[in-house]
Amino acid sequence: MSSLSNDGRMQAEEDMERVLWSPTDIEKRVVELGASISHDFSHSLPLIVIAVATGAFMFAADLVRKISLPISIEFIRVQSYGNRTESSGVAVISTELQIDIIDKHVLVIEDIIDTGTTLSRLVSYLKEKGAASVSVCALLDKVLRRKIPLQLPPGSRFYRGFECPDDFVVGYGMDFAEEYRNLPYIGLLKPAKYSF
């Protein structure tokens with residue numbers, strides 16, 4: 001890893017076991033996802049993008065700039081982790097949508113799908129709000145941890161950036177106890193940093 005003048009960034013890099021996806025890996029995949037989404041939704045306008053805060057903010061910011069369609073964007077908060085490394089099993093939507101999605105195609109941008117609890121709750125919520133379809137673009141997919149199968153409404157699509165190993169990852173918007181979000185890569189956090 002490169003030596004940086006910022007002491008905080010250097011400390012964060014020391015906390016990593018290894019880098020799983022570099023900034024270059026991420027950028028390349030974001031471009032590919034943006035092209036696929038632009039192609040697939042070219043006849044399904046208007047498209048409403050709903051990014052899950054806070055973990056997906058970096059991914060969402062990069063991805064929407066690669067979608068060559070008119071879009072509206074909204075952020076929503078759904079929490080199931082808190083300061084833990086595993087989902088609590090209960091997903092709580094803590095902010096209401098401020099945008100009308102009735103009869104509109106929705107694309108949810110998520111940082112990571114783990115057990116499926118958060119995404120399942122969010123998809124149900126968006127269907128209840130009247131979305132015509134609810135597609136999902138997840139940067140990381142932890143297939144091995146899935147407890148609730150991914151079930152999207154008819155006409156919806158699923159996009160995955162990378163399949164993620166069953167390890168605790170941080171960076172590129174993802175955190176542990178609100179730290180490491182600003183790292184430009186996705187790394188595997190050393191267990192000593194979260195095993196208390």
Side-chain angles (χ1 to χ4, degrees), residues 1-34 50-66 73 75-95 108-122 136-148 150 159-196:
M1 290 182 229
S2 62
S3 174
L4 301 172
S5 59
N6 181 309
D7 289 341
R9 179 73 58 88
M10 287 174 52
Q11 178 60 52
E13 289 186 359
E14 290 175 12
D15 294 348
M16 295 302 116
E17 183 121 338
R18 70 180 189 275
V19 172
L20 296 174
W21 293 283
S22 70
T24 303
D25 297 331
I26 296 167
E27 181 180 9
K28 180 177 184 267
R29 189 66 183 121
V30 167
V31 168
E32 293 168 351
L33 290 167
I50 298 178
V52 180
T54 303
F57 83 97
M58 286 178 108
F59 178 43
D62 288 344
L63 182 60
V64 296
R65 289 180 287 172
K66 301 302 179 192
I73 189 163
F75 282 85
I76 192 165
R77 248 181 216 281
V78 187
Q79 299 171 315
S80 69
Y81 275 81
N83 286 341
R84 301 162 32 151
T85 61
E86 290 192 26
S87 172
S88 66
V90 178
V92 178
I93 295 173
S94 58
T95 56
V108 173
I109 299 178
E110 177 69 286
D111 57 347
I112 188 166
I113 303 174
D114 192 329
T115 62
T117 301
T118 300
L119 188 58
S120 175
R121 175 68 186 104
L122 183 55
V136 174
C137 182
L139 176 62
L140 301 179
D141 188 7
K142 279 190 180 181
V143 178
L144 295 174
R145 301 229 353 126
R146 193 83 75 248
K147 292 181 181 173
I148 300 174
L150 181 61
Y159 305 90
R160 171 176 37 204
F162 304 99
E163 187 168 328
C164 187
D166 188 13
D167 294 307
F168 194 73
V169 297
V170 294
Y172 194 64
M174 293 171 283
D175 74 305
F176 172 66
E178 298 302 323
E179 293 185 37
Y180 309 105
R181 287 192 195 279
N182 62 328
L183 297 176
Y185 55 82
I186 298 168
L188 177 60
L189 190 61
K190 289 177 180 173
K193 295 316 237 177
Y194 59 85
S195 300
F196 305 113

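What you see is a predicted model, and the numbers here were worked out from it, not measured in a lab.
The shortest side-chain heavy-atom distance between Met58 and Pro184 does not fall under the 4.5 Å cut-off. Between Arg160 and Leu150 there is no side-chain heavy-atom pair separated by less than 4.5 Å. Inter-residue side-chain proximity for Thr117 and Lys147 is flagged as unmet; no heavy-atom pair is nearer than 4.5 Å.
Residues Leu63 and Gly34 share a closest heavy-atom pair of CD1-N, 3.7 Å. When every heavy atom of Leu183 is checked against every heavy atom of Met16, the shortest pair comes out as CD1-CE, 3.9 Å. Phe176 approaches Val170 most closely through the heavy-atom pair N-CG1, 3.8 Å. Residues Arg77 and Thr95 share a closest heavy-atom pair of N-OG1, 2.8 Å. Closest heavy-atom contact between Gly173 and Phe57: CA-CE2, 3.8 Å.
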Exercise for the section: Test Leu140 against Glu110 for side chain to side chain contact (heavy atoms under 4.5 Å, CB included), laying out the working first. Expected result: CA-CA 8 Å; Leu140 301 179; Glu110 177 69 286; over 6 Å; no
Exercise for the section: Test side chain to side chain contact (heavy atoms under 4.5 Å, CB included) on Val52 and Val108 and set out the steps. Expected result: CA-CA 7 Å; Val52 180; Val108 173; 3.9 Å; yes
Handout entry: Test log, rule side chain to side chain contact (heavy atoms under 4.5 Å, CB included), inputs Arg29 and Trp21
Key = CA-CA 10 Å; Arg29 189 66 183 121; Trp21 293 283; over 6 Å; no
Exercise for the section: Walk me through it: do Ile109 and Val64 pass the test side chain to side chain contact (heavy atoms under 4.5 Å, CB included)? Expected result: CA-CA 10 Å; Ile109 299 178; Val64 296; 4.2 Å; yes
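For the atom pair CD1 of Ile148 and CD1 of Ile113, the computed distance is 12.0 Å after rounding to the nearest 0.5 Å. In this structure, CG on Asn182 lies 11.0 Å from CG on Asp175, to the nearest 0.5 angstrom. If you take CG on Leu188 and CG on Asp15, they are separated by 12.0 Å, rounding to the nearest 0.5 Å. Expressed to the nearest 0.5 Å, how far CG of Asp166 lies from CG of Leu144 amounts to 6.0 Å. To the nearest 0.5 Å, the span separating CG on Leu33 from CD1 on Ile26 amounts to 11.5 Å. Separation of atoms CG (Asp167) and CZ (Arg18) is listed at 6.0 Å; rounding is to 0.5 Å.
More than 12 heavy atoms of other residues, nucleotides or ligands lie within 6.0 Å of CD in Glu32, so this atom counts as buried by the packing criterion.
By the 30° and 60° cut-offs, the orientation of the rings of Tyr172 relative to Phe59 is tilted.
Distance alone, capped at 3.5 Å, is enough to place a donor-acceptor pair between the Lys190 side chain and the Glu14 backbone.
Residue Arg146 forms a side chain to side chain donor-acceptor pair (under 3.5 Å) with just one option from Thr115, Asp114, Asp141, and that option is Asp141.
Using a 4.0 Å cut-off between a side-chain N of Lys or Arg and a carboxylate O of Asp or Glu, Asp62 and Arg65 qualify as a salt bridge.
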